[in-house]
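The structure appears right after this line, and notes come after that.
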Amino acid sequence: MFDLSLFDNERKKVEAVNKVMVCNNISSRYGMILKQEDVLRIIETQELSLVEQERIEFGGTIIEQLIYAFCDSQFISKYEYAESMIKFVEIFYHYREELDEFLSDEEIIEYMQRSFNGPCQGSMDWLESSQLWILMKAIDERKDIYMDDDYGCF
């Protein structure tokens with residue numbers, strides 16, 4: 001018997017890849033271009049993160065939003081762009097899980113972008129750990145998460 005779910009999943013994956021590939025129209029202005037195999041790895045990372053965090057996502061624009069947020073960062077080179085995007089996806093879902101709906105996806109991405117380009121100075125490790133702790137503390141204390149020019153460094 002023919003399994004239609006496999007066809008449907010494959011069709012959805014092709015659609016997801018095509019949506020992300022369109023981002024190259026903007027990111028290429030900054031010298032950042034993802035190949036199809038890069039996009040597949042990023043999507044697989046997203047799927048794995050969703051499974052690990054026991055989450056589901058509707059409408060799936062997180063990858064595109066992350067690309068647009070970080071493609072112009074002075075801290076990312078075109079040679080590490082795909083790996084950086086994979087790491088941003090992992091970090092985003094880590095933030096999403098820890099923040100438990102305190103911030104919208106857009107607010108998380110904005111905070112990540114400002115932090116990465118600001119106090120983190122391009123450090124993924126700082127963004128993933130210390131900066132998340134600073135954000136959670138600010139939310140707990142009901143402080144402005146974009147306090148001063150340090151974006152959360154209090």
By the ring pair (Phe, Tyr, Trp, His ring centres under 6.0 Å) test, which pairs, at least two apart or in different chains, include something from residues 70-91?
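Found F70-F88, F70-F116, F88-F116.
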
Nearest 0.5 angstrom please: [X] [atom1] to [Y] [atom2], how far?
X    : Y    : atom1 : atom2 : answer
S115 : Q131 : OG    : CD    : 3.5 Å
N24  : R29  : CG    : CZ    : 12.0 Å
M112 : L132 : CE    : CG    : 10.0 Å
I108 : L66  : CD1   : CG    : 10.0 Å
S28  : L34  : OG    : CG    : 10.5 Å

Should E15 and R11 count as an ion pair when the cut-off is N to O under 4.0 Å?
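Looking at E15 and R11, the cut-off is met.
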
Electrostatic pair E101-R55, nearest N-O below 4.0 angstrom
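Yes, E101 and R55 are salt-bridged.
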
Non-hydrogen side-chain atoms of [X] and [Y] separated by less than 4.5 Å:
X    : Y    : answer
R114 : P119 : no
Q46  : I42  : no
N18  : V39  : no
E90  : I86  : yes

Pair M136, D140 - check side chain to side chain contact (heavy atoms under 4.5 Å, CB included), show working.
CA-CA 6 Å; M136 291 173 66; D140 188 49; over 6 Å; no

How would you list, by chain and number, every residue that makes a side-chain hydrogen bond (donor to acceptor under 3.5 Å, both in side chains) with [X], sequence neighbours excluded?
X   : result
K87 : E128
E83 : R41
E37 : none
Y95 : none

Determine yes or no for a side-chain-to-main-chain donor-acceptor pair under 3.5 angstrom, with S27 supplying the side chain and C23 the backbone.
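Pair found, side chain donor or acceptor close to backbone of C23.
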
Tell me if a side-chain donor or acceptor on R96 pairs with a main-chain N or O of Q53 at a distance below 3.5 Å.
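Not a single qualifying donor-acceptor pair exists.
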
Report the C-alpha distance between K19 and I63 in whole Å, list the side-chain angles of each, state the deciding distance to 0.1 Å, and finish with yes or no for side chain to side chain contact (heavy atoms under 4.5 Å, CB included).
CA-CA 9 Å; K19 279 176 47 179; I63 295 173; over 6 Å; no

Let's go through L48 and Y93 carefully: what are the C-alpha distance in whole Å and the side-chain angles of both, what is the deciding distance for side chain to side chain contact (heavy atoms under 4.5 Å, CB included) to 0.1 Å, and is it a yes or a no?
CA-CA 10 Å; L48 183 60; Y93 286 106; over 6 Å; no

Least distance between heavy atoms, [X] atom then [Y] atom:
X    : Y   : value
M85  : I67 : CE-N, 3.4 Å
I76  : M32 : O-CE, 2.9 Å
I109 : A69 : CG2-CB, 3.6 Å

Taking only residues at least two apart or on different chains, which pairs with a member in residues 58-77 satisfy side chain to side chain donor-acceptor pair (under 3.5 Å)?
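Checked against side chain to side chain donor-acceptor pair (under 3.5 Å) - neighbours excluded - the pairs reaching residues 58-77 are T61-Q65, S73-N117.
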
Which is it for I134 and K137 under the side chain to side chain contact (heavy atoms under 4.5 Å, CB included) test, yes or no, and what are the steps along the way?
CA-CA 5 Å; I134 290 168; K137 184 174 182 236; 5.7 Å; no

